[in-house]
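Please read the structure below before turning to the comments.
Quick note on labels: first sequence line is chain A, next is B, and so on, each numbered from 1.
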Amino acid sequence: MNRQLEIEKKWQSKWNEAHLFERDRIDGMPKFFGNFPFPYINGKLHLGHGYSMMKLEATIRYQLMKGKNILWPFGFHATGEPIVGMAKRVAEGDSNQIRALELSGIPKEKMEEFKDPYNIVRYFMKTTEDTCRNLGVAVDWRRKFVTTQLTPTFSKFIEWQYRKLHSMGYVVQASHPVIYCPSCKSPTGEHDRLEGDDARIVDFVLLYFYVPDVDAYLVPATLRPETVFGVTNIFLHPDATYVVANVDGKKVIVSESTAVKFKEQEHEVTDIAPIDLKELFGKYAINPMTEEKVIIIPGTFIDPDGATGVVMSVPAHAPVDYATLMELKENPELVEKYGIDHEEIKKIEPISLIEIQGFSEFPAKDVVEEMGIRGQKDPKLKDATKLVYRKEAMHGVTKAITGKYQGKSVEEVKDLLVKDMLEEHKAMILKEPSEIVVCRCGTRNYVKFLENQWFLKFSDPEWKAKVYKMIDKMTFYPPEAKNAFIRTVDWVENRACVRQSGLGTPAPWDPEWIIETLSDSVIYMAYYIVSKYVNEGSFKEEWAIDPIFDYIYLGKGNARKLSKEHGIPEKLLKDIKKDFQYWYGFDLRSSGKDLVNNHLTFMLFHHAAIFPEKYWPKAIHVNGYVNVAKKTADNKIIEEKMSKRKGNFKTLDDLLETFGADITRITLLTAGEGMEDAAIMPDEIPSYSKWLNTLMSMAEETDIDDEMQQIDRWLISKMQDQIQKTIDNYENIRTRSAFQSAYHETLHLIKWYTNRRNGTKGPGFKYAREVIIKMIAPMLPHLAEEIWEMWGRKGFIATSHFPHVEKDKIDLDAEYGEKYLGEVVDDLKNLISFLTSRGNDPPSEIVLYVSPQWKYKIYEEARTNGTKTLLKNIMQDPEIKSKGKAAVSYAQSLMKKGAPPDIPISYETEMKVLEEAIPFIEKQFNAKVAVKPAEGADHPKAKVAVPRRPGIVLN
RNA sequence: GCAGGGGUCGCCAAGCCUGGUCAACGGCGCUGGGUUUAGGUCCCAGUCCUUUAGAGGUUCGUGGGUUCAAAUCCCACCCCCUGCACCA
C-alpha cells in the first residue's frame with residue numbers, strides 16, 4: 001500500500017511538472033475534447049461522480065495514446081438553492097446540518113465560515129480539485145472556474161447566452177401550474193414537502209350537476225368522467241363547510257377550503273357565500289349527461305380539502321362508493337340525523353356501465369366482497385380502488401347505457417367524453433396534486449398558475465426540429481441512449497429558466513430574476529476556452545461583453561475594430577477565437593442517465609439555438625447509477641442506492657484513502673457499463689490489488705528466452721485479436737469490457753502459453769506483456785508509468801502509442817493448431833475424470849489415433865459447401881465411396897450437427913500438432929503418450945477417430 | 001395515467017439488434033484437490049439431471065406461433081424497476 005501510494009504521488013507530480021494535460025491548440029493536429037457535467041459542490045465528490053468521470057478519463061487517456069491532442073477541462077457548479085440553504089441552516093445553528101457536515105469530515109471550526117454560502121463554495125471547490133488530483137485524472141486545471149458571480153466573466157457569458165436566446169424569441173413569458181403553498185407563498189419543490197414527495201399535477205374533471213332547489217351547480221371532481229353514466233348520488237362531507245361561488249359566470253357549490261383554487265387557476269370568481277348543508281342533503285342534483293335526478297347524501301370518507309370536496313358516487317365501479325352506500329343502507333341513523341329519508345337510500349342501486357371479463361356487472365361489489373371490506377373508512381379500499389380502476393382502464397368496454405360512447409375502450413371514451421362535455425359546458429378542468437401535499441410549514445398545498453414566469457420555449461417546433469437533426473448526427477454511447485433523447489425531445493415542454501432566490505446570474509432583461517440552475521450550465525463548455533485566458537490574467541473582465549463573445553463564438557465582427565474600441569489586444573482576440581474553432585464542438589460529454597431528460601437535452605437545445613452546426617456536440621455517453629452491493633448472510637447479493645441515511649454513502653475520498661488511486665479507478669471502471677446501474681462491492685475491492693500485483697510481477701519477470709517457438713507465434717497472433725477487441729471497447733466507452741479484454745482474457749492466454757511452453761517464457765510473452773501494459777495504461781496509469789520507467793523506456797507511457805493490430809503477426813495455422821490441441825486436451829480431461837470418478841486409476845499410457853485421410857475430405861466438403869448436398873457430393877469420390885457405410889455414417893454425424901465451424905484442418909496438421917505436443921500432454925496427464933495414424937490400426941477406438949477428434953485409448 | 005427499461009442455470013451478470021458454433025462468457029458462493037500449513041491470498045478441477053468412454057435429456061417469466069432450427073424473431077399474458085419538470 002505504501003509503495004503504491006508512493007508510486008501514485010510520484011507520477012502525479014511528474015505529470016504536473018511536465019504539464020502533460022495542459023493542452024493548447026496545435027493547428028492541424030486532431031483533437032479530442034471531452035467533458036463531464038461540473039459537479040454541484042455542496043459536498044465532496046461521491047462514487048457516482050467518480051463513475052461518470054472515469055468513463056471520460058479512460059477515454060481521454062486512450063485518445064491521447066491514439067495520438068490526439070486532448071482537452072478535459074473542469075468546472076464547479078454552485079448555482080441555485082442548496083448551498084444557500086445549507087449556509088442558512090448553519091447560521092441558524094441547525095444541529096442536523098452541522099452534524100451532517102461534521103460527519104463528512106468538515107472541521108468544527110469551519111462552521112463559522114460556512115455561514116457564508118460563498119465560503120462553502122470555496123471550500124468544496126478545493127476538496128473537489130484535491131480529490132481529482134489524487135485520483136490522477138487528466139484534467140487541464142488551468143481552465144477551472146465556478147459558476148455564479150464569483151466568476152464575473154462567467155456571469156457575463158451567461159448574460160450573453162440569455163440575451164441571445166431572448167432576442168431569438170426563445171425566452172417567453174407565460175403562466176404555469178405549480179404545486180403551491182399559500183402560507184409560504186411559493187411553489188413547493190420535492191424537498192420542501194412534509195407529505196406528497198411523488199405528487200404530480202393531474203387534471204380533474206368537474207361535472208356540473210344542477211341543483212334546482214338552490215339554483216346552483218354541485219361540481220364533483222373526478223378522474224373517471226366516463227363513469228358519469230353510473231352516478232347514483234352525490235356525497236358531501238357532513239362536517240365540512242360549503243360555499244356557493246360564481247365561477248366564470250356559473251354558480252357552483254364547493255367546499256369552503258377549495259373555493260380559492262379557482263381564482264389561483266385563472267378563473268374568474270365572485271360572490272362567495274356560505275350555504276347550509278341542510279339545504280342540500282336529501283335534495284336532488286341533475287346528472288348533466290343523463291338528466292337523471294340523483295340524491296345528495298353525506299359521506300365522511302371525503303377529503304373536504306381535496307379537489308372540490310364534492311364527490312359523485314358510482315357504486316358499480318368505485319369500491320369506496322359501494323362500501324359507503326352499503327354502510328348507509330345498513331345504518332339508517334347515519335342519514336336520518338341529517339333529515340334524509342332512509343327509504344331513499346335503500347332505493348339506490350348500482351348502475352353498471354362498463355363490461356369487463358372476469359367480473360360481474362358490478363366490479364366494485366366483487367372486489368369489496370372479496371377483500372372483506374366493511375365501511376367507508378376501511379384502509380383496504382385504497383388497494384381495491386386501484387385494482388378496479390386499473391382493470392377497467394385496461395380491459396373495460398362501455399355498455400349501451402353510455403349511448404353514443406358505447407362499445408369503446410374506457411380510455412377512448414374518457415378522451416372523447418371530456419372533449420364533448422367541455423364544448424357543451426357540462427364540465428370544466430381543475431388541476432390538483434395527484435396526492436395530498438403538505439408543505440414543510442404544515443399547510444396543505446394546491447395547484448396555482450404562476451404568472452409571468454420566464455420560460456425557455458422548448459415546445460417550439462422549429463427549435464425541436466433542429467435538435468432532432470442534431471441528435472441524428474450525433475453518436476450515443478450506449479446506442480440505446482439515442483432513443484431516450486428522442487423521447488425526451490418529444491416530451492419536453494416550455495421550461496422555466498429563472499428563479500427568485502438562490503445563487504446565480506441575474507437575468508439581463510429582468511434582474512429581479514436569477515437565471516435558473518439548469519439554465520446556466522448548458523453551453524459553459526464553450527466558456528472553458530475563454531476561462532484559461534481569464535485565469536492567467538490576460539483576458540480582463542471588462543472585455544466580457546456581447547460584441548467580443550459574438551466575435552469569439554460566432555465569428556461576428558472584426559478583430560481590429562473590436563481591439564480599437566475595447567482595448568483588447570487584437571492577437572489575443574484572434575487566438576481565443578482560433579482556440580474555440582479548434583476545440584469546439586466537443587467530442588464527448590459523459591454523464592449519468594438522470595441527466596438525460598433534463599440537463600443533457602437542454603444542453604442540446606441551447607447548442608442548437610446558439611451555435612452553428614459545425615460547433616454542435618459530437619457524442620454523449622450516458623451511464624447508470626452506482627449502487628452499493630453487499631452480501632447477505634446466505635450469500636445473496638443485494639444492491640442498494642447510495643444514501644447517507646442508509647449509511648452506505650461513499651465518497652471518492654473514502655476509497656482513495658483506503659485503496660489509493662489505481663484500485664479506486666479500476667473499481668469504478670469495472671463496476672458496470674452501458675445504462676444499466678453499476679454495482680460497487682466494497683468487500684471485493686481489496687482483492688483488486690491482486691490484479692495490480694500480477695501486472696507488476698509480470699513486468700518484473702526477467703527469465704525470458706529468445707527462442708521463437710510455435711506457441712510464441714500463437715500468443716502473438718492471439719494478441720492481435722485482443723488488441724482489436726480492446727480498441728473496440730475503448731472506442732465505445734465500455735470500460736469494463738476493455739479491462740476484460742486487455743487484462744483478464746490476455747492473462748488467460750498467457751496461462752495456456754506458459755503451460756504449453758513447459759513453464760518457460762519467450763518472445764511471445766515479452767510482446768504480450770508490453771501490449772497489455774499499454775492497453776491498461778489509460779485505466780491504471782500510475783502502475784503503467786512505473787513499469788514503463790522500470791523497463792527503461794523514454795517519456796510517459798501516457799503519450800506512447802496505443803497498440804494497433806499488425807496483420808502480419810496473425811498466424812492462423814498456429815491458432816487452428818492450438819485450438820485443436822485444446823480440444824483434444826479437453827476431451828482427455830473429460831474422459832479421465834469420468835473414468836477416475838468411476839474408480840479407475842488414471843491412465844499411464846495414452847494413445848491418440850488421428851483420423852484417416854479420407855474423412856478429412858468429407859469434413860472439408862461439409863465445411864466449405866455445407867451439409868445439405870454433402871452425401872451426394874462426397875459419393876462421387878471413388879475412395880470415399882469404397883468406404884461404404886463408414887463414410888455415410890461420418891457424413892450423417894456431420895449433417896446432424898450442422899456445418900462444422902470454419903476451421904480448416906488436415907491430417908498432416910493434426911499429426912504435426914499432436915506429435916509436437918507430446919511432452920506437453922505427457923506432463924499434463926502424467927502418462928506416456930503416443931500418436932498414431934488410425935488408418936490401418938485395428939484398435940476399435942481407431943475406428944471412431946474423425947477430423948478434429950482423434951480416437952483415444954487410455955491404458 | 002404517460003413514457004422508457006427489464007425478467008437467463010444458488011446470487012450477481014453476459015448473450016439477445018445481426019436466429020444455429022448456447023447447458024449458455026465472467027464474477028461470487030459452494031464442493032474437492034494443491035500451495036501454505038494459523039488463517040487469508042494464490043493455483044487446479046467441479047458445480048441443471050442422467051450416463052461405467054468423449055453421450056443424451058430438460059432449461060433462459062408464462063402460454064402460443066414462425067422456422068429444418070429460438071434464450072435469441074412474432075403475438076398474448078403475468079410480474080418488476082425508473083422518470084414525469086421549476087429540483088440539482
Side-chain angles (χ1 to χ4, degrees), chain A residues 37 39-40 42 77-83 176-179 186-192 198 200-203 223 389-390 393-394 411 414 434 450 453-456 458 479-480 483-484 486-488 490-500 502 516-519 521 593-599 602 624-625 629 631-632 634-639 670 672 674-677 679 681 683-684 686-687 689-690 693-694 736-737 740 744-745 748 751 823-824 826-835 837-840 868 895 897-903 941 944 949-954:
Chain A
Y40 187 75
N42 61 341
H77 197 211
T79 312
E81 305 272 359
I83 290 175
H176 188 71
V178 293
I179 296 178
S186 72
T188 20
E190 249 172 62
H191 305 287
D192 310 326
D198 300 326
R200 317 179 303 271
I201 295 174
V202 293
D203 285 356
L223 291 170
Y389 276 28
R390 210 200 212 145
M394 276 171 72
E411 221 161 318
K414 189 178 289 185
S434 57
L450 276 189
Q453 277 272 64
W454 289 102
F455 284 87
L456 287 164
F458 288 149
E480 58 264 34
N483 196 33
I486 293 171
R487 293 289 173 186
T488 305
D490 290 345
W491 157 87
V492 75
E493 289 167 26
N494 290 357
R495 157 112 196 173
C497 59
V498 292
R499 291 277 293 171
Q500 276 169 317
E516 182 269 338
T517 133
L518 281 180
S519 305
S521 60
K593 65 179 172 188
D594 48 331
L595 298 188
V596 170
N597 65 4
N598 43 67
H599 163 75
F602 303 164
Y625 303 120
K631 250 179 231 164
T632 58
D634 53 341
N635 279 315
K636 292 193 175 166
I637 294 168
I638 50 171
E639 289 188 20
T670 59
M675 287 212 282
E676 297 276 295
D677 292 351
M681 302 193 63
D683 298 340
E684 299 282 315
S687 71
S689 65
K690 75 189 171 198
N693 296 338
T694 303
R736 184 171 60 182
S737 300
Q740 180 95 358
H744 288 300
E745 290 173 11
H748 203 75
K751 207 182 280 173
E823 287 167 358
V824 174
D826 275 350
D827 269 354
L828 282 167
K829 264 184 200 164
N830 280 337
L831 273 178
I832 292 169
S833 73
F834 180 79
L835 291 175
S837 74
R838 291 286 178 275
N840 299 332
K868 277 194 175 145
M895 287 158 73
K897 292 195 169 175
D902 195 14
I903 297 174
K941 285 296 162 192
V944 304
R949 207 137 221 215
I952 296 170
V953 178
L954 303 174

Please determine whether a side-chain nitrogen or oxygen atom of A/Arg487 lies at a distance below 4.0 Å from atom OP1 or OP2 of B/rG4. yes
For the side chain of A/Leu518, starting at C-beta, report the closest nucleotide among B/rG4, B/rC87, B/rG54. B/rC87
Assign A/Phe455 to base, sugar-phosphate, or nothing according to its heavy-atom contacts below 4.0 angstrom with the strands shown. base
Please give the distance between the P atoms of B/rC43 and B/rC60 as a whole number of Å. 35 Å
So which nucleotide does B/rG19 pair with, by the Watson-Crick or G-U wobble rule with both distances under 3.5 Å? none
Could you identify the nucleotide paired to B/rU52, looking across every strand shown and requiring Watson-Crick or G-U wobble geometry with both distances under 3.5 Å? none
In whole Å, what separates the C1' atom of B/rA70 from that of B/rG63? 16 Å
Under the 3.5 angstrom rule, does the side chain of A/Ser434 hit a backbone N or O of A/Val202 as a donor-acceptor pair? no
Rounded interatomic separation in angstrom, taking CD1 from A/Ile201 and C1' from B/rG83: 16 Å
Student check: side-chain heavy atoms of A/Thr517 and A/Arg499 closer than 4.5 Å: no
Between the side-chain atoms of A/Asn598 and the base atoms of B/rA88, is any donor-acceptor pair under 3.5 Å? yes
For the pair made of CD in A/Gln740 and C1' in B/rG27, what is the distance, rounded to whole Å? 9 Å
State whether the side chain of A/Asn483 and the backbone N or O of A/Pro479 hold a donor-acceptor pair below 3.5 Å, judged by distance alone. no
Does the structure show a Watson-Crick or G-U wobble partner for B/rU82, both distances under 3.5 Å? Name it, or say none. B/rA3
Taken to the nearest whole Å, CZ/A/Arg200 to P/B/rG1 is 10 Å
Atom pair distance, as rounded to whole Å: CG in A/Asp490 and P in B/rG83: 20 Å
Report the base-pairing partner of B/rC30 (Watson-Crick or G-U wobble, both distances below 3.5 angstrom), or none. B/rG46
Of the listed B/rU82, B/rA88, B/rC87, the closest approach to the A/Tyr40 side chain comes from B/rA88
Counting only side-chain N and O atoms of A/Arg736, is one of them less than 4.0 Å from OP1 or OP2 of B/rG26? no
Going by the rule side-chain hydrogen bond (donor to acceptor under 3.5 Å, both in side chains), which residues pair with A/Lys593 if we only count those two or more places apart in sequence or in a different chain? A/Asp677
Report yes if some heavy atom in the side chain of A/Pro39 is under 4.5 Å from a heavy atom in the side chain of A/His77; otherwise report no. no
So which protein N/O to nucleotides 40-42 of chain B N/O distances come out below 3.5 Å?
unit_1	atom_1	unit_2	atom_2	d
B/rC42	OP1	A/Lys690	NZ	2.8

To the nearest 0.5 angstrom, please state how far the CD atom of A/Glu493 sits from the CZ atom of A/Phe458. 12.0 Å
Pairwise P distance for B/rG34 and B/rG54, with rounding to whole Å: 29 Å
Whole-Å distance, A/Glu480 CD to B/rU18 C1', equals 16 Å
Please compare A/Ala484 and A/Cys497 by the position of their nearest nucleotide in RNA chain B and report the one closer to 5'. A/Ala484
Expressed as a whole number of angstroms, how long is the span from A/Leu450:CG to B/rA85:C1'? 13 Å
A/Ser519 and A/Glu516: side-chain donor and acceptor closer than 3.5 Å? yes
Nucleotide nearest A/Glu676 when distance is taken to its side chain, options B/rA85, B/rA14, B/rG83: B/rA14
Any side-chain heavy-atom pair of A/Ile83 and A/Tyr40 under 4.5 Å: yes
Can you sort out the partners of A/Tyr625 under ring pair (Phe, Tyr, Trp, His ring centres under 6.0 Å), two or more places apart, ordered by chain and number? none
Pairing partner of B/rC77, by Watson-Crick or G-U wobble and under 3.5 Å for both distances, is B/rG61
Can you check the distance between B/rG15 and B/rC25, where both ends of the measurement are the C1' atom (answer in whole Å)? 8 Å
Pairing partner of B/rA88, by Watson-Crick or G-U wobble and under 3.5 Å for both distances, is none
Out of B/rA85, B/rA88, B/rG26, whichever nucleotide has its closest atom nearest the side chain of A/Thr517: B/rA88
Which of the following nucleotides, B/rA88, B/rC87, B/rC84, is nearest to the side chain of A/Pro82? B/rA88
Mind checking if A/Glu81 touches a base, just sugar-phosphate, or nothing, with heavy atoms under 4.0 Å? sugar-phosphate
When you measure from the side chain of A/Trp491, which nucleotide among B/rA85, B/rC87, B/rA88 comes out closest? B/rA85
Going by heavy atoms in the side chains, are A/Leu595 and A/Pro37 under 4.5 Å from each other? yes
Given the C1' atoms of B/rU62 and B/rG27, what is the spacing between them in whole Å? 30 Å
Separation of B/rU52 P from A/Ile952 CD1 (nearest whole Å): 19 Å
Write down the distance separating the P atoms in B/rG19 and B/rA69, rounded off to the nearest Å. 16 Å
Touch check for A/Thr79, heavy atoms < 4.0 angstrom, all strands: base, sugar-phosphate only, or nothing? sugar-phosphate
Could you check whether A/Pro950 gets within reach of a base, just the sugar-phosphate, or nothing at all, counting any heavy atom under 4.0 Å? base
Considering only atom C1', compute the distance from B/rG65 to B/rC28 and round it to an integer number of Å. 39 Å
Roughly how far apart, to the nearest Å, are B/rA23 and B/rU58 at atom P? 13 Å
Provide, to the nearest angstrom, the distance between the CE atom belonging to A/Met675 and the P atom belonging to B/rG6. 9 Å
